[in-house]
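These notes concern the structure reproduced below.
Just so it is clear: chains get the letters A, B, ... in the order the sequence lines come, proteins before strands, and each one is counted from 1. Every heavy atom of this structure was used, including side-chain atoms; hydrogens, water molecules and symmetry mates were not.
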There are 2 protein chains.
Amino acid sequence: MSCKIHPETVERQMERNWPEGIKKTKQRLEIYHILADAIKPLTATEIFEELKNEDGSPRYAFSTVYRCLQTFENAGILTKSTAVTSENAMYELRLAQHRHYAICLKCKERFPLRTCFLGDLKNMLPANMDEFQITGHQLEIYGYCPKCNQK
Amino acid sequence: MSCKIHPETVERQMERNWPEGIKKTKQRLEIYHILADAIKPLTATEIFEELKNEDGSPRYAFSTVYRCLQTFENAGILTKSTAVTSENAMYELRLAQHRHYAICLKCKERFPLRTCFLGDLKNMLPANMDEFQITGHQLEIYGYCPKCNQK
DNA sequence: TTGGTTGCAAAATGTTTGCATGACC
DNA sequence: GGTCATGCAAACATTTTGCAACCAA
């Protein structure tokens, strides 16, 4: 269970963000909250774990998690991506600003980078590709974090 | 089977590149060639397909492909990565220069970008992360290529 | 010869799907 | 009440592993 500093803000954000025609079931609401509280993209498994009871018994089906994430993605409020350093898909709410991360290859911790400096993506396109319509980009830095580096 | 423009160059490159203590089996040599000829990162399945006979029957085991790729990666001559736009791992020889790609979300084609402009990665690290030891990075641009964009 | 490599099959993921039951609007 | 979402189990795809047979050095 994560520590919510401004629970009411999450509620309002959700109110604004919630897609048309998507039913608010308790499963979806809980998953939204977990994503909203997260400071980094989560895997489906991490979300599933977060949803468990104290005794470790699952409260919802795994397929529900996947289907919910898929629904959010189709509705455009969620971004699915796969990191270089992990096999599994990761999910992150698509809020106003997007983030990039520095990822430690040892402890797998993800550190959000400062602002995205990639203003001039167009220039990086290959020749004869001026017509390429850019809809997104992804950047990852990897290496070893200060903690793991010392050992 | 892909068209080799300078077959002898690949041979020499392989000679230089081949890691110490790794036996040159025909499976590994063939897989190396496929990777060397590729103009984009390949999935294990793509490599496996490339290795098939004309009649579509597999010449080698799938596990051999995976084990070979793993061997190359451990030896440091291969980079394994997962693209935002695909679930599966992709493999690319780690040659002198590395590449980034613009990826079409529709046809999945990968267009190599011009040079990597990311000289100043250090500046993008979060506060208190000066000690983060950067060993690599990845950048992807995605959107729609000219061909798919027109439709 | 001998230890590393392969092939096969089976296991271990991670993810998706079909169908009956159940819950939101 | 009707439609859409859920749970369960089973299917699926990708990747990994155990073990006997095999081959490069």
Does D/dT16 have OP1 or OP2 under 4.0 Å away from a side-chain N or O of B/Y66? no

For C/dC24, take OP1 and OP2 only and decide whether either is under 4.0 Å from a side-chain N or O of A/Q27. no

Passes side chain to side chain donor-acceptor pair (under 3.5 Å), A/E109 versus A/Y101? Steps please. CA-CA 9 Å; A/E109 197 52 42; A/Y101 299 88; over 6 Å; no

5'-most contact on DNA chain D: B/I22 or A/I22, nearest heavy atom basis? A/I22

Which nucleotide, C/dT16, C/dG7, C/dT15, lies nearest any side-chain atom of B/A61? C/dG7

Out of D/dG7, D/dT6, C/dC8, minimum distance to the side chain of A/T25 belongs to D/dT6

Starting at atom [atom1] of [X], determine the distance to atom [atom2] of [N], rounded to an integer number of angstrom.
X: A/F48; N: C/dG14; atom1: CZ; atom2: P; result: 12 Å
X: A/F62; N: D/dA10; atom1: CZ; atom2: C1'; result: 16 Å
X: B/I47; N: D/dT14; atom1: CD1; atom2: P; result: 14 Å
X: B/M90; N: D/dT14; atom1: CE; atom2: C1'; result: 14 Å
X: A/R28; N: D/dG7; atom1: CZ; atom2: C1'; result: 14 Å
X: B/L69; N: C/dT6; atom1: CG; atom2: P; result: 11 Å
X: B/N88; N: D/dT16; atom1: CG; atom2: P; result: 12 Å
X: B/R67; N: D/dC19; atom1: CZ; atom2: C1'; result: 10 Å

Would A/Q138 and B/Y142 count as having a side-chain donor-acceptor pair, cut-off 3.5 Å? no

Locate the shortest heavy-atom distance separating B/E30 from B/L51; write the atom from each residue and the value. OE1-CD2, 3.5 Å

Only one of A/I47, A/L35, A/I22, A/I31 passes side-chain contact (heavy atoms from CB on, under 4.5 Å) with A/C68, and that residue is A/I31

Residue pair B/Y60/B/K23 against DNA chain C: nearer the 5' end by closest nucleotide is B/K23

Could you tell me whether the side chain of A/R110 reaches within less than 4.5 Å of the side chain of A/H100, counting heavy atoms only? no

What contact category does A/S63 fall into here, base, sugar-phosphate, or nothing, at under 4.0 angstrom with non-hydrogen atoms? base

